[in-house]
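Quick notes on the structure that follows.
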Amino acid sequence: MRAMRVCVVGVNHSTTPIAIRERLAISVNQLPEALLSLQEHISQGILLSTCNRTEVYSMDQATGSGQNAAVDFLSTRAKISDAELRPYLYVHRDEAAVRHLFCVASGLDSMVVGEHEILGQVRHALEEAEKTRRIDPPLLNLFRHALRVGRRVRQETGIGRHALSVSSVAVDLATRVVGDLANCQILVVGAGEAGSQVAKAARKKGASQIIVTSRSQERASALARALGGTSVALSDLGEALRTADIVISCTGAPHTILNRRLIEEAMSARPQRPLVVIDIALPRDVEPGVRQMENVHLFDMDDLTQISQLHQQRRRGEIQRAMQIVDAEVAKCLAWWQTLEVEPTVSALVRKAEAIRQAQLDMTLKKLRGLSNEERESLEAMTRAIVKKILHDPIRCLKENGHSNEIYARVVKELFQLDREAPR
Ligand SMILES: NC(=O)c1ccc[n+]([C@@H]2O[C@H](COP(=O)([O-])OP(=O)(O)OC[C@H]3O[C@@H](n4cnc5c(N)ncnc54)[C@H](OP(=O)(O)O)[C@@H]3O)[C@@H](O)[C@H]2O)c1
């Protein structure tokens, strides 16, 4: 049986604290450069990095080589020693790696089970890897298969119902803390994909006072306008903090946006009025020390886990149905993988049969002079059909014999003398 040699090494929200995850986070903009540096460690690797996971998928050249190279890459990137990082990493190989990827693409491994964003992120990881032109078809096909599985799970189960996302769960958390959003001033920091989702979810939950701030003022204004809110320049963040009840921060900045000093200054103007700060950025936007401040309630991605577990319980039935689909697709994938081993034999068989057909047809056509084009095309089509029909069952048999296909391949090679050229 052909060993798959697929390996995934990674961290996610359930294995690794945010302080480590944020050091491994790779933003969309950083992905091409990160793939280049991955290639210094490993010849074939695909990087999947989302707000809650960073994973390296690879094909082992020798047992364990992909794993070691991936650990090297991750520890270099995070500037953490191998020994320090290893306890946080999960490693899955072959069938377990395939199952993991299919679960990830289906949203089953997400913090917010069934979230939609992950499918786009898996697609992006594949597209960026394809651009490197360094990845062999088996690994690329595995990702394509994962995308099909993700779509199938969403079509055939209710796992993605209600369009939940990390952003909507953050707004959910804010609602739980303050009770009602209607009379609260909500400050959204960051007007990208996540900021837009946060603002929309807040509006849906009844928020009427939404203020958006972002590095690009235009983007902030556009989002605020679309939701009937207002925007402020990022340089006026301190001012905006003085009147906000809830801040949800989600920029792509590699550094802190809301530090303790900024929040202390804002709180000094409203010491008795509580401020809820929800940081869903990775790397984090808010300095962790803010948690110790009086009347400031800071929540980060790890704090969202509890709410997401609640969603998970509500979706238990759908998760089971989704897992059945994943299991069936894993079995299909393994069967396909086995066919890779017989592919060279199948190609050689088809080549030899085609060479014989062509040679025999040429001889016949030489004897049958004066045929019309139509008659020649009919002969061509008929001989092709004969060869195709004769080879259909042997090829199917070769591909479908799982564990024994190595033996079948040897027998076919011997029977058809595939190492020798076709007689002319
Ligand atoms: N997308 C999601 O589903 C999702 C879910 C949960 C959490 N998150 C987290 O949310 C954050 C943003 O993700 P996204 O998908 O919204 O990214 P995005 O669409 O690329 O938007 C990033 C936002 O951050 C701003 N930004 C980038 N670099 C900055 C810097 N150095 N200083 C200040 N602002 C900066 C951008 O401003 P410009 O407009 O000027 O570029 C933009 O408003 C990430 O940390 C991500 O992990 C994302």
Side-chain angles (χ1 to χ4, degrees), residues 11-13 16 18-32 34 47-55 104 107 109-125 128 160 163-174 187-202 211-227 229 231-238 240 247-259 262 277-287 299-305 307-308 311:
V11 294
N12 69 16
H13 57 284
T16 312
I18 197 163
I20 303 282
R21 285 202 318 273
E22 68 185 348
R23 296 176 73 165
L24 291 164
I26 299 165
S27 69
V28 170
N29 295 340
Q30 294 167 333
L31 192 53
L47 273 175
L48 176 62
S49 186
T50 73
C51 59
N52 270 316
R53 73 180 63 246
T54 301
E55 296 181 332
V104 167
D109 198 57
S110 295
M111 190 178 90
V112 178
V113 169
E115 50 128 352
H116 283 254
E117 290 69 26
I118 185 66
L119 205 51
Q121 289 156 338
V122 172
R123 186 178 306 110
H124 187 68
E128 286 299 320
L164 284 178
S165 63
V166 171
S167 309
S168 66
V169 170
V171 173
D172 224 23
L173 172 66
L187 175 62
V188 180
V189 185
E193 184 62 35
S196 161
Q197 284 176 11
V198 163
K200 282 179 193 154
I211 300 171
V212 184
T213 183
S214 193
R215 183 175 60 180
S216 128
Q217 174 83 47
E218 274 169 45
R219 232 172 153 184
S221 316
L223 178 58
R225 246 195 329 273
L227 293 159
S231 66
V232 295
L234 195 56
S235 52
D236 293 334
L237 178 59
V247 182
I248 303 185
S249 196
C250 45
T251 80
H255 48 73
T256 307
I257 296 284
L258 290 138
N259 59 31
L262 194 71
V277 182
I278 304 179
D279 183 2
I280 60 167
L282 201 86
R284 284 172 288 184
D285 279 347
V286 185
E287 189 181 328
F299 300 91
D300 63 25
M301 206 71 110
D302 281 354
D303 299 309
L304 294 190
T305 312
I307 297 203
S308 66
H311 288 297

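Ligands are counted one by one from 1 in listed order, and the atoms in each one are counted from 1 as well.
Side-chain N or O atoms of Thr256 include none that pairs as donor or acceptor with a backbone N or O of Asn259 at under 3.5 Å.
Among all non-hydrogen protein atoms, the one lying nearest atom 23 (C) of ligand 1 is Gly252 N, 3.8 Å. Scanning the protein for heavy atoms near atom 13 (O) of ligand 1, the closest one is Ala194 CB, 4.1 Å. From the protein, the heavy atom lying nearest to atom 12 (C) of ligand 1 is Cys250 O, 3.4 Å. What sits closest to atom 34 (N) of ligand 1 on the protein, heavy atoms only, is Arg215 CB, 3.6 Å. Protein heavy atom nearest atom 19 (O) of ligand 1, with residue, atom name and distance: Glu193 N, 2.9 Å. The nearest protein atom to atom 3 (O) of ligand 1, hydrogens excluded, is given as Glu117 CG, 3.3 Å; this is a heavy-atom distance. Nearest protein heavy-atom contact of atom 7 (C) of ligand 1 is Ile280 O, 3.1 Å. Closest to atom 44 (C) of ligand 1 among all protein heavy atoms lies Thr251 O, 3.6 Å.
Pro254 counts as a contact of ligand 1, since one of its heavy atoms falls under 4.0 Å from the ligand. Contact annotation: Glu115 has no heavy atom less than 4.0 Å from any atom of ligand 1. Under the 4.0 angstrom criterion for non-hydrogen atoms, Ala191 is in contact with ligand 1. The closest approach between a heavy atom of Val28 and any atom of ligand 1 is not below 4.0 Å.
Between Gln121 and ligand 1, not a single N/O pair is under 3.5 Å apart. For ligand 1, none of its N or O atoms has an N or O atom of Cys51 under 3.5 Å away. Between Leu282 and ligand 1, at least one N/O pair is under 3.5 Å apart. By the 3.5 Å distance cut-off applied to N or O atoms, Ser214 is counted among the residues near ligand 1.
Only side-chain heavy atoms of Arg219 come within less than 4.0 Å of ligand 1; its backbone N, CA, C and O stay farther off. Under 4.0 Å from ligand 1, the heavy atoms of Ile257 that appear belong solely to its side chain. Using a 4.0 Å cut-off between heavy atoms, Ser27 makes no contact with ligand 1 at all. Both the backbone and the side chain of Ala281 come within 4.0 Å of ligand 1, judged by heavy-atom distances.
A donor and an acceptor atom, one from each side chain of Gln121 and Glu117, are nowhere located under 3.5 Å apart. Side-chain atoms of Thr251 and Asp285 form a donor-acceptor pair, as typed in the model, at a separation below 3.5 Å.
Note that the CD1 atom of Ile26 and the CG atom of Leu31 stand 6.5 Å from one another [nearest 0.5 Å].
With ligand atoms numbered from 1 in the order given, ligand 1 contributes 31 (N) to contacts under 4.0 Å with heavy atoms of His255.
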